[in-house]
Amino acid sequence: MQRFETARQAALQMRPDVPVYCFRPDVLKADARQFVDMFPGKVAYAVKTNGEELVLRTLAEAGINAFDVASPAEFAAVRAVAPDAEMLYMHPVKAQSDIRLALEEYGIRVIAVDHEAEVTKLTRVVRALDIDPGSITVFVRIQTKGHAAYELSKKFGAGPAHAVELLQRLNRYGFKVGICFHVGSQIEDPDTYERALVSADWVRGRAGVELAGLDVGGGFPAEYGHDPNRKKPEMPSLEALMTQFRGDIAEWGFDEMPLVAEPGRVIVARAFSLIVRVLLRKGKRLYINDGIWASLSDSWTGKITLPARFIPDPAIRSRNGDAGKLVPFRVCGATCDSVDILSRPFWLPETVDTGDWIEIGHIGAYSLSLRTHFNGFYPDTFVEVMKPFDEGTAPESFASLETMAD
Ligand SMILES: *Cc1c(COP(=O)(O)O)cnc(C)c1O
């Protein structure tokens, strides 16, 4: 892989017409280690956030030895780079053939459920393979209510009374049991985990079975950009959040049992930036070589403020406008599809023009993992960049949270 000091140097030397992912392995390692140091339990990286081989390999090198997986392809991806790592199969709704593959071929012994039909599938496989249920820990996923950019409890999780029943049933069958939840991704309220712990405590009290662990899922917020036109949202630092979290864990009496976290976004967001090129400027619109079907899937990027840096093409000798003035541009994606327009404008210098590049920072989570081959565009160029995106002068540009009239 080619290596550069900064993404600007990569852009100016490569003059890329395709999107380029700038990977920062040292940032990834540092963010992973920081999380491991702060979290009082096992850390299982959520592979769906970014399952690139180079990411999994770098995390394994950083000492991550547990992974949250959801599919046969994710089992294989983890096994390929970290043969001894533990896998936690935390998808609540699974194909029975995948459960069998997980238990039989991959030796997975931690699994999540949120419905009795999932328990039925699991027990069928366990009997067929003649596995001692006592060697398997089954986490019952409970619903939570919270404030996150991306809610997940609408789709998954058992209500409290239902969770009690599932725990008792699994306990009768001889499984080790635990409680898990996922408060949603990118939480926006520091009390979110405490509310989930209150529910977990209620379920534990009613179930009256011995718990082998509590898995608090993901949701830990990554740092993104800030729109200077808006009030800065009040969110504590990750450190402060973790201090509060450890206090809540102790207060609700979960500090005596093994804890698990499944962070994704908070570990990988800062490790990548993306260089895109302006293929055409048409008035206040920019047509770029990436979009919602590739790295900028709007369901994810539409709710966060992405920081960006402008990389003007030095070959452009005359420009119109004021280079010091930021104005909003509507950003259109690369495909021939009218939904491929970002819902949020990018604020960029007024002088931006056809041929310039934009480096979008903190794009490591839910970006390249969601890219598709739609319309024949599939960004797949990677370079290594040494300098962290945030080092040096502050990024001048950003994707706003305001919507933009055409
Ligand atoms: C997506 C997911 C995660 C990761 O969530 P982040 O908010 O990115 O940390 C963890 N666990 C499960 C079960 C998930 O589905």
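Both counts, for ligands and for their atoms, begin at 1 and track the order of listing.
Of all the heavy atoms of Ser185, the ones lying under 4.0 Å from any atom of ligand 1 are found in both the backbone and the side chain. If you look at Arg265 next to ligand 1, the close heavy atoms, those under 4.0 Å, come from the backbone and the side chain alike. Proximity of Asp68 to ligand 1, defined as any heavy-atom pair under 4.0 Å, is confined to the side chain (atoms from C-beta onward). Residue contacts with ligand 1 for Lys155 are absent, since no atom lies close enough (heavy atoms, distance under 4.0 Å).
In this structure, a donor-acceptor pair under 3.5 Å is present between the side chains of Arg24 and Ser273. In summary, the side chains of Asp337 and Trp293 do present a donor paired with an acceptor at a separation below 3.5 Å, with no hydrogens or angles considered.
Relative orientation of the Phe220 and Phe39 rings is perpendicular, given thresholds of 30° and 60° on the angle between their planes. A perpendicular orientation is assigned to the rings of Phe389 and His362, their planes being inclined by more than 60° (bins at 30° and 60°).
Taking the side chain as every heavy atom from C-beta outward, Glu105 and Phe75 never approach each other to under 4.5 Å.
Every atom of ligand 1 is numbered from 1 in the order shown, and the set under 4.0 Å from a heavy atom of Pro263 is 9 (O). Proximity to Ala46 (heavy-atom distance under 4.0 Å) selects the following atoms of ligand 1: 3 (C), 4 (C), 10 (C). Distances below 4.0 Å separate heavy atoms of Arg141 from the following atoms of ligand 1: 13 (C). Set against the non-hydrogen atoms of Tyr366, the atoms of ligand 1 under 4.0 Å away are 1 (C), 4 (C), 5 (O), 6 (P), 8 (O).
The N/O atoms of Gly264, backbone and side chain alike, include one that comes under 3.5 Å of an N/O atom in ligand 1. Some N or O of Gly219 is nearer than 3.5 Å to an N or O of ligand 1, by distance alone.
Ring to ring, Phe329 and Phe346 are not that close: their centroids are 6.0 angstrom or more apart.
For Asp356 and Arg281, the salt-bridge test fails: no basic side-chain N is under 4.0 Å from an acidic carboxylate O. Comment: Lys94 engages Glu118 in a salt bridge, judged by a side-chain N to carboxylate O separation of less than 4.0 angstrom.
Residue contact check for ligand 1: Phe156 places no non-hydrogen atom closer than 4.0 Å to it.
Checking Lys48, His91, Glu262 against atom 11 (N) of ligand 1, the nearest heavy atom belongs to Glu262.
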